[in-house]
Amino acid sequence: MASFYADDFHNKKTANGETFNMHGLTCAHKTLPFNTWLEVTNLANGRTVIVRVNDRGPFVEGRMIDLSLGAAKELGMVQTGVQEVEIEILRLP
């Protein structure tokens, strides 16, 4: 399950020290190394997006990834807020 984060964190520091841009194509993952590139597929509509891990989270049980608002828009999941996704690692740092 994926969720997304936006306004409350926009322009704040991420876990890797970058400034979070909610319009970018980034994500938070609990264990994958920073700068890992992932392809995320929305299982409800088949839409995909490529994102880079730059933060830690999500901290809600049952969720595997927290996407930026920009990534959530690409996946068409802004209205649902939480979506079942498939994640493929494209490149490790």
Side-chain angles (χ1 to χ4, degrees):
M1 296 302 286
S3 53
F4 72 93
Y5 60 127
D7 298 330
D8 290 347
F9 299 94
H10 187 62
N11 286 326
K12 294 184 179 172
K13 294 289 181 191
T14 62
N16 78 346
E18 293 178 13
T19 300
F20 177 63
N21 176 0
M22 69 182 187
H23 305 291
L25 298 177
T26 58
C27 69
H29 191 277
K30 292 178 190 171
T31 58
L32 287 173
F34 294 131
N35 297 315
T36 297
W37 289 89
L38 307 172
E39 181 178 70
V40 182
T41 302
N42 180 336
L43 295 180
N45 62 18
R47 292 170 70 174
T48 64
V49 66
I50 296 174
V51 295
R52 182 177 54 85
V53 177
N54 73 340
D55 208 357
R56 290 291 175 232
F59 300 106
V60 175
E61 188 175 335
R63 295 191 193 159
M64 182 175 284
I65 192 169
D66 244 347
L67 301 163
S68 63
L69 176 62
K73 285 181 177 179
E74 291 288 320
L75 291 177
M77 60 171 278
V78 173
Q79 296 301 322
T80 60
V82 178
Q83 187 64 54
E84 188 174 1
V85 298
E86 179 177 272
I87 300 169
E88 179 182 347
I89 297 172
L90 298 177
R91 186 175 70 216
L92 292 166

For side chain to side chain contact (heavy atoms under 4.5 Å, CB included), just list the numbers for L25 and V49, CA-CA rounded to whole Å, side-chain angles, deciding distance to a tenth of an Å, and then say yes or no.
CA-CA 8 Å; L25 298 177; V49 66; 3.9 Å; yes

With side chain to side chain contact (heavy atoms under 4.5 Å, CB included) as the test, would you mind laying out the steps for L69 and Y5 before giving the verdict?
CA-CA 6 Å; L69 176 62; Y5 60 127; over 6 Å; no

Single-linkage hydrophobic cluster, 4.5 Å side-chain cutoff, [X] and [Y] together:
X: M64; Y: I50; answer: no
X: L92; Y: I87; answer: yes
X: V82; Y: F9; answer: no

Report the C-alpha distance between I65 and L38 in whole Å, list the side-chain angles of each, state the deciding distance to 0.1 Å, and finish with yes or no for side chain to side chain contact (heavy atoms under 4.5 Å, CB included).
CA-CA 11 Å; I65 192 169; L38 307 172; 3.8 Å; yes

Over all heavy atoms of both residues, which pair between V85 and N42 is shortest? Give the atoms and the distance, please.
CG1-CA, 4.2 Å

Salt bridge R91-E39, side-chain N to carboxylate O under 4.0 Å
no

Name of the residue among L90, T31, V53, N54 meeting side-chain contact (heavy atoms from CB on, under 4.5 Å) with T36:
V53

With side chains defined as the heavy atoms from C-beta onward, is the minimum distance between K12 and D55 less than 4.5 Å?
no

Is there a side-chain contact between L75 and V40, using heavy atoms and a 4.5 Å cut-off?
yes

Looking only at side-chain N and O atoms, does N11 offer a donor or acceptor that is under 3.5 Å from a partner on T19?
no

Okay, side chain of R56, backbone of H29: is any donor-acceptor separation there less than 3.5 Å?
yes

Side-chain donor/acceptor of R47 to backbone N/O of E74, under 3.5 Å
yes

Do S68 and F4 pass the side chain to side chain contact (heavy atoms under 4.5 Å, CB included) test, and can you show the C-alpha distance, the side-chain angles, and the key distance before you say yes or no?
CA-CA 6 Å; S68 63; F4 72 93; over 6 Å; no

